[in-house]
Amino acid sequence: MYRIVVDRQLCSGFGSCVDAAPKVFELDRSGVASLLISETDTADVLEAAESCPMGAISIFDADSGVQVS
Ligand code: SF4
């Protein structure tokens, strides 16, 4: 299971996270990424984190707390 954290201060609203993992990320009214869910077991969140040009997405192993992306 992955735990997802978005640094909304860093987010610039490019939306590539939404493209990569639309069940996890959305852009809110102010155009900043927000989370629909905070944990998932689907690996598309890793792709989303890598696609973020601002490095605003961090992914952790939910059990160990170790950062994986
Ligand atoms: S990819 Fe990064 S900068 Fe773009 S909306 Fe998502 S979190 Fe924000």
Side-chain angles (χ1 to χ4, degrees):
M1 193 69 108
Y2 300 109
R3 183 165 58 83
I4 311 118
V5 176
V6 175
D7 185 335
R8 289 171 50 86
Q9 308 275 20
L10 285 178
C11 174
S12 296
F14 292 105
S16 36
C17 56
V18 180
D19 292 339
K23 291 183 178 168
V24 176
F25 299 94
E26 68 174 0
L27 294 182
D28 67 14
R29 283 186 186 185
S30 54
V32 175
S34 65
L35 292 173
L36 298 167
I37 53 175
S38 61
E39 291 190 348
T40 181
D41 54 9
T42 58
D44 56 3
V45 291
L46 299 175
E47 192 183 319
E50 282 175 22
S51 75
C52 177
M54 304 304 292
I57 302 170
S58 301
I59 310 293
F60 300 86
D61 182 285
D63 293 325
S64 69
V66 172
Q67 187 166 1
V68 294
S69 182

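Order of listing sets the numbers, starting from 1, for every ligand and every atom in it. The shown structure was predicted, so the numbers you read here are calculated from the model rather than taken from an experiment.
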Next item on the list: For the pair D44 and K23, find out whether any cationic side-chain nitrogen is under 4.0 Å from an anionic carboxylate oxygen.
Entry: no
Note to self: Under 2.8 Å from atom 6 (Fe) of ligand 1, can any N, O or S atom of C11 be found?
What the structure shows: no
Margin query: Quick check: do L35 and F25 have side-chain heavy atoms less than 4.5 Å from each other?
Written below: yes
Notebook entry, point to check: In the protein, which heavy atom is nearest to atom 5 (S) of ligand 1, and how far is it?
Noted result: G15 N, 3.2 Å
Next item on the list: May I ask you to identify the nearest protein heavy atom to atom 3 (S) of ligand 1, giving residue, atom name and distance to one decimal place in Å?
Entry: S12 N, 3.4 Å
Notebook entry, point to check: Is ligand 1 less than 4.0 angstrom away from at least one heavy atom of S16?
Noted result: yes
Check: Taking R3 for the side chain and G65 for the main chain, is one N or O donor matched with an acceptor at less than 3.5 Å?
Finding: no
Check: Can any side-chain N or O of S12 pair as donor or acceptor with the backbone N or O of F14 at less than 3.5 Å?
Finding: no
Next item on the list: Provide the number and element of each atom of ligand 1 under 4.0 Å from a heavy atom of A33.
Entry: 5 (S), 6 (Fe), 7 (S), 8 (Fe)
Check: Which is it for F60 and V68 under the side chain to side chain contact (heavy atoms under 4.5 Å, CB included) test, yes or no, and what are the steps along the way?
Finding: CA-CA 5 Å; F60 300 86; V68 294; 5.9 Å; no
Checklist line | Contacting atoms of ligand 1, where contact means under 4.0 angstrom from a heavy atom of M54 | finding: 3 (S)
Item checked: Modelled atom types, side-chain donor and acceptor of S16 and D19, under 3.5 Å -> no
Note to self: Donor-acceptor pair, distance only, cut-off 3.5 Å: does the side chain of Q67 make one with the backbone of S69?
What the structure shows: yes
Item checked: ligand 1 atoms in contact with F14 (distance to a heavy atom under 4.0 Å) -> 3 (S), 4 (Fe), 5 (S)
Check: Is the distance from atom 2 (Fe) of ligand 1 to the nearest N/O/S atom of C52 under 2.8 Å?
Finding: yes
Check: Does I57 approach ligand 1 within less than 4.0 angstrom via side chain, backbone, both or neither, non-hydrogen atoms only?
Finding: side chain
Note to self: Considering non-hydrogen atoms of the protein only, which is the closest contact for atom 6 (Fe) of ligand 1, and what is the distance?
What the structure shows: C17 SG, 2.3 Å
Note to self: Under 4.0 Å, heavy-atom basis, I'd like to know which part of L27 is in contact with ligand 1: side chain, backbone, both or neither.
What the structure shows: side chain
Notebook entry, point to check: Step by step, would you call I4 with V24 a side chain to side chain contact (heavy atoms under 4.5 Å, CB included)?
Noted result: CA-CA 9 Å; I4 311 118; V24 176; 3.8 Å; yes
